[in-house]
Amino acid sequence: MKKWKKILSVMLAVAVLLLPVMDIPVEAADSTKQIDVLFTHDTHSHLDSFSTIVNGKQEKVGGFAKIKTLINEKKKEDPDTLILDGGDFSMGTLIQTVYDTEAAELRMLGYLGYDVTTLGNHEFDYRSKGLANMLKVAKSSGETLPEIVVCNVDWDAMEKDGLSDGQKQIREAFEAYGVKDYVMVQKGDVKIAVVGVFGKDALECAPTCELSFKDPIEAVKQTVEEIRKNEDADMIACVSHSGTWDDENKSEDELLAKAVPDIDLIISGHTHSELPEAIQHGNTYIVSCGEYGRNLGSLSMTQNSDGRWDLSSYELIPVSEDVEADQETQKQIDALMDKVDTNYLADFGYTRKEVLAQNDVEFNSLEEMETKHEELNLGDIMSDAYVYAVENSEYYDGDPVDVAVVPSGTVRDTYTKGDITVEDVYNSFSLGIGRDGVAGYPLINAYLTGKELKLVAEVDASVSDFMTTARLYCSGLNFTYNPHRMILNKVTDCYLTRTDGERTEIQDDKLYHVVTDLYTGQMLGSVMKMSYGLLSLEPKDKDGKPIENLEDQAIMEGDKELKAWDAIARYMQSFDDTDGDGIANVPEYYASLHDRKVVDNSKNIIDLVKNPNKFAVMIVLICLVILVIFVLVTVLIRKVVQKIRKKKNGKKEK
């Protein structure tokens with residue numbers, strides 16, 4: 001009995017001693033750091049819900065009031081949720097017309113509880129003065145605002161060259177707002193360093209941006225080194241306006257993740273990517289949720305024993321009709337939208353809810369503009385609108401428009417069935433500002449030779465597969481291309497048509513009147529780069545002289561610019577009222593296609609090589625030269641190898 005008592009006493013003592021040890025795993029589990037993150041990017045002024053086409057189905061999606069509901073629900077679960085945005089929060093709906101006077105988008109991000117955002121290329125659409133004013137208005141509102149971070153603005157280089165007036169305006173506004181390279185955010189027991197970066201392609205897409213930028217990767221690398229040196233950061237996140245691409249070697253945020261492995265999380269904006277699964281490179285996760293606030297990105301990360309972070313959950317939450325809108329948020333939005341009617345649309349004679357036309361035609365979606373390289377009816381109606389508005393203006397000088405061009409990159413939304421309002425039309429082409437300081441890019445006049453018009457078709461056929469925003473939709477220019485033919489020699493037929501559909505052959509040396517929008521003209525250089533200098537277009541005035549400043553070619557109605565969106569609105573109003581209810585109806589003409597862009601998929605060898613143009617001949621000659629050099633080098637190497645072998649064999653025989 002005594003023996004058992006001793007044994008039990010020893011066991012009890014051991015148990016008591018083990019209790020603290022046994023508690024250690026529980027304490028360790030409790031102390032494991034975890035962070036919840038909600039994110040968006042490329043919301044493009046879509047404060048209100050909107051009707052669009054999603055996966056072939058008409059739906060009403062998005063809206064900051066619904067996003068607020070989702071944020072509130074998440075914050076009930078975790079009050080320390082980090083909320084980030086990847087830039088391009090502006091330019092996409094009518095609310096942008098009060099961008100520089102109300103700063104509605106930035107203020108609403110603050111109202112929703114966003115912690116940090118960055119600048120996208122479209123934040124520069126209102127030029128330096130507009131961006132500066134927007135930041136100052138936001139700051140002077142006294143409201144809660146998100147931090148803004150961007151680490152690669154090259155102030156040193158700009159100061160060395162002498163700051164322009166626009167650069168001075170932005171620097172002053174940055175200082176007033178408090179724009180930084182990075183910020184530290186505390187969420188619960190987690191300290192997060194959030195760095196921002198502006199990508200190379202974003203800069204290419206910002207023709208009115210006056211700022212100079214450092215290489216994004218080098219700038220982030222340097223900033224992360226500063227964070228590691230100066231901050232006690234548990235985690236490093238990056239809000240990037242650089243984007244991801246199908247080609248991993250060109251995908252800017254993937255290159256960033258590989259080059260700066262200390263980054264734990266990249267919120268990737270700019271390319272409007274919708275990633276159903278995060279991209280992972282090493283210990284870095286890259287996430288994107290798509291454009292216009294149609295989804296709210298949600299993820300959780302847990303710190304592991306190495307001090308890095310594992311992605312424990314990730315989803316894209318649809319901001320759908322099923323989500324109830326937060327009423328207080330909607331009141332804030334409605335109050336801002338009311339200012340659009342009085343401060344902007346009144347000058348055009350519209351109200352935002354005014355119905356321009358009723359529509360029974362199924363127009364293509366934005367996604368199809370990225371995935372289908374063919375004629376699309378949304379591009380048809382917009383390009384036709386340009387021709388109509390110019391030729392029916394009271395200031396029309398009688399010079400017929402031969403060709404109107406609409407690139408897919410300028411189309412921001414489609415038209416759904418039902419009423420098409422002024423707001424719907426504006427949202428479909430909601431870019432920029434003119435030299436007049438009024439929101440909306442103007443239409444411009446330019447003249448191209450017939451030879452250059454054929455190059456326009458070749459740009460679409462050969463270049464736009466690599467740059468989908470350069471896919472062109474034309475009124476007046478019809479062409480056929482074969483995607484299987486040699487690059488820069490894909491177009492097999494190209495001609496002009498007018499409203500009667502009659503074919504007119506293009507004369508190479510003749511000047512033709514072309515109408516497009518200012519942004520497209522300004523982006524021409526970037527598109528030409530994609531052809532490595534082989535394709536060259538030089539816009540001219542009606543006398544054939546090269547245009548030095550495209551803004552000088554804005555189509556004017558007295559002292560007002562003819563805005564691209566207003567051209568579309570006028571065209572909608574011009575349609576016949578076929579059902580007698582006093583409202584125009586979109587004609588059935590747009591329910592079908594009209595051979596404006598015909599895809600010939602023939603793989604017949606004769607079809608692939610017939611009628612080679614000068615570019616095809618050049619490419620073939622270059623390939624032949626390379627082949628000849630390769631053969632000569634191969635022969636030379638063989639002879640050298642043979643001589644070496646002979647010498648070795650000769651030495652062995654001795």
Side-chain angles (χ1 to χ4, degrees), residues 29-43 47 62-87 89 105-118 143-149 182-196 231 233-240 263-269 274-278 284-290 293-304 308-320 322-326 328-329 332:
D30 288 344
S31 65
T32 299
K33 294 186 177 181
Q34 182 265 344
I35 185 76
D36 292 325
V37 182
L38 296 176
F39 67 91
T40 55
H41 53 85
D42 300 291
T43 51
L47 305 187
F64 274 29
K66 293 184 177 182
I67 292 176
K68 178 65 169 173
T69 296
L70 294 172
I71 289 174
N72 288 345
E73 289 174 357
K74 183 63 179 178
K75 286 208 164 186
K76 283 181 182 178
E77 299 175 12
D78 179 8
D80 294 318
T81 299
L82 176 67
I83 309 178
L84 303 175
D85 179 75
F89 48 78
E105 299 92 339
L106 195 52
R107 288 165 59 196
M108 287 307 302
L109 285 178
Y111 186 86
L112 265 60
Y114 279 76
D115 295 293
V116 189
T117 186
T118 189
E143 298 171 8
T144 301
L145 301 169
E147 299 272 12
I148 296 179
V149 290
Y182 72 91
V183 293
M184 292 299 301
V185 181
Q186 178 95 31
K187 292 293 179 180
D189 60 351
V190 182
K191 298 174 184 176
I192 310 105
V194 185
V195 58
E231 308 289 353
D234 297 304
M235 175 183 180
I236 298 178
C238 178
V239 283
S240 170
I263 300 173
D264 297 295
L265 175 66
I266 297 175
I267 308 298
S268 178
E274 187 175 309
L275 299 175
E277 295 181 1
T284 306
Y285 295 91
I286 304 168
V287 295
S288 296
C289 62
R294 300 197 309 189
N295 298 306
L296 178 63
S298 176
L299 62 92
S300 296
M301 301 187 82
T302 305
Q303 194 172 34
N304 59 38
R308 297 307 300 265
W309 294 79
D310 297 321
L311 190 67
S312 48
S313 70
Y314 174 69
E315 66 174 324
L316 306 184
I317 305 171
V319 186
S320 64
D322 297 332
V323 179
E324 186 176 344
D326 179 76
E328 287 303 313
T329 303
Q332 297 281 337

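Predicted, not measured: the structure shown is a model, and the values here were computed from it.
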Would you call Lys187 and Asp36 a salt bridge, taking side-chain N to carboxylate O under 4.0 Å as the test? no
Quick one: are Met301 and Met235 in side-chain contact, heavy atoms under 4.5 Å? yes
Looking at Gly297, is its backbone amide N or carbonyl O close enough to the side chain of Asn295 to form a donor-acceptor pair, meaning the two atoms are under 3.5 Å apart? no
Any chance you could lay out the side-chain hydrogen bond (donor to acceptor under 3.5 Å, both in side chains) test for Glu231 and Tyr182, step after step, and finish with the verdict? CA-CA 11 Å; Glu231 308 289 353; Tyr182 72 91; 2.8 Å; yes
Can you tell me how far apart CG (Leu109) and CZ (Phe64) are? Round to the nearest 0.5 Å. 5.0 Å
Residues that Lys74 engages under side-chain hydrogen bond (donor to acceptor under 3.5 Å, both in side chains), provided they are two or more places apart: none
Quick check: do Thr117 and Leu106 have side-chain heavy atoms less than 4.5 Å from each other? yes
Criterion side chain to side chain contact (heavy atoms under 4.5 Å, CB included) on Leu112 and Ile67, from CA distance to verdict: CA-CA 8 Å; Leu112 265 60; Ile67 292 176; 3.7 Å; yes
Lys33 and Asp189 ion-paired at < 4.0 Å: no
One thing to verify: whether Lys66 and Asp326 come together as a salt bridge, which I'm taking to mean a side-chain N less than 4.0 angstrom from a carboxylate O. no
Partners of Asn304 by side-chain hydrogen bond (donor to acceptor under 3.5 Å, both in side chains), sequence neighbours excluded? Asp310
Evaluation steps, side chain to side chain contact (heavy atoms under 4.5 Å, CB included), between Tyr111 and Gln332: CA-CA 9 Å; Tyr111 186 86; Gln332 297 281 337; 3.9 Å; yes
Side-chain donor/acceptor of Ser298 to backbone N/O of Leu38, under 3.5 Å: no
Between His41 (side chain only) and Cys289 (backbone N and O only), is there a donor and an acceptor less than 3.5 Å apart? yes
Separation between CD1 (Ile267) and CG (Asp85), nearest 0.5 Å, reads 9.5 Å
Run the numbers on Ser300 and Tyr314 for side-chain hydrogen bond (donor to acceptor under 3.5 Å, both in side chains), then give the verdict. CA-CA 7 Å; Ser300 296; Tyr314 174 69; over 6 Å; no
How far apart are the closest heavy atoms of Val116 and Val239, and which atoms are they? CG1-CG2, 4.4 Å
Sub-4.5 Å side-chain heavy-atom contact between Leu47 and Phe89: no
